[in-house]
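Everything below concerns the one structure shown next.
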Amino acid sequence: MLLIIELGFAVATAMVASDRGRGKLAWFTLGLFLGPLALVIAYLTEPLEWKALENGTHKKCSFCAELVKFEARVCRHCGREF
Ligand SMILES: [Zn+2]
């Protein structure tokens with residue numbers, strides 16, 4: 001019974017982390033060990049996307065809103081030219 005609860009936390013943590021551009025497997029493992037605490041930590045981490053925009057290494061595609069490299073001339077997600 002306890003194992004099912006732990007697995008639930010691990011899956012939820014992995015989903016939140018991948019939403020923020022982080023590795024699913026690492027956070028899944030963290031969720032297994034830390035349970036609810038890992039989920040809270042995953043929620044508190046700021047998305048990698050913000051950092052990339054802040055540093056100016058990436059920009060947001062104005063067509064599909066995905067993150068692309070700042071120097072990119074063609075969006076790698078939707079294929080449109082800037
Ligand atoms: Zn795009």
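Just so you know, these numbers come straight off a predicted model, no measurement behind them. Every number for a ligand or one of its atoms is a count from 1 in the order of the listing.
Any protein N/O/S atom under 2.8 Å from the Zn ion (ligand 1) was counted, giving 4 altogether.
Cluster partners of L3 are absent, since no Ile, Leu, Val, Met, Phe, Trp or Tyr has side-chain heavy atoms less than 4.5 Å from it. Think of L7 as one node in a network of Ile, Leu, Val, Met, Phe, Trp and Tyr side chains linked at under 4.5 Å; its network also takes in V11, M15, F28, L32.
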Considering only distance and modelled atom types, tabulate donor-acceptor pairs under 3.5 Å from the side chains of residues 62-72, sequence neighbours left out.
none

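In this structure, W27 CH2 and S18 OG are separated by 11.5 Å, a value rounded to the nearest 0.5 Å.
Partner L39 forms a side-chain contact (heavy atoms from CB on, under 4.5 Å) with one of L30, T13, L44, L34 and no other, that one being T13.
The pair R20-E49 fails the salt-bridge criterion, with no side-chain N (NZ, NE, NH1 or NH2) lying under 4.0 Å from an Asp/Glu carboxylate O.
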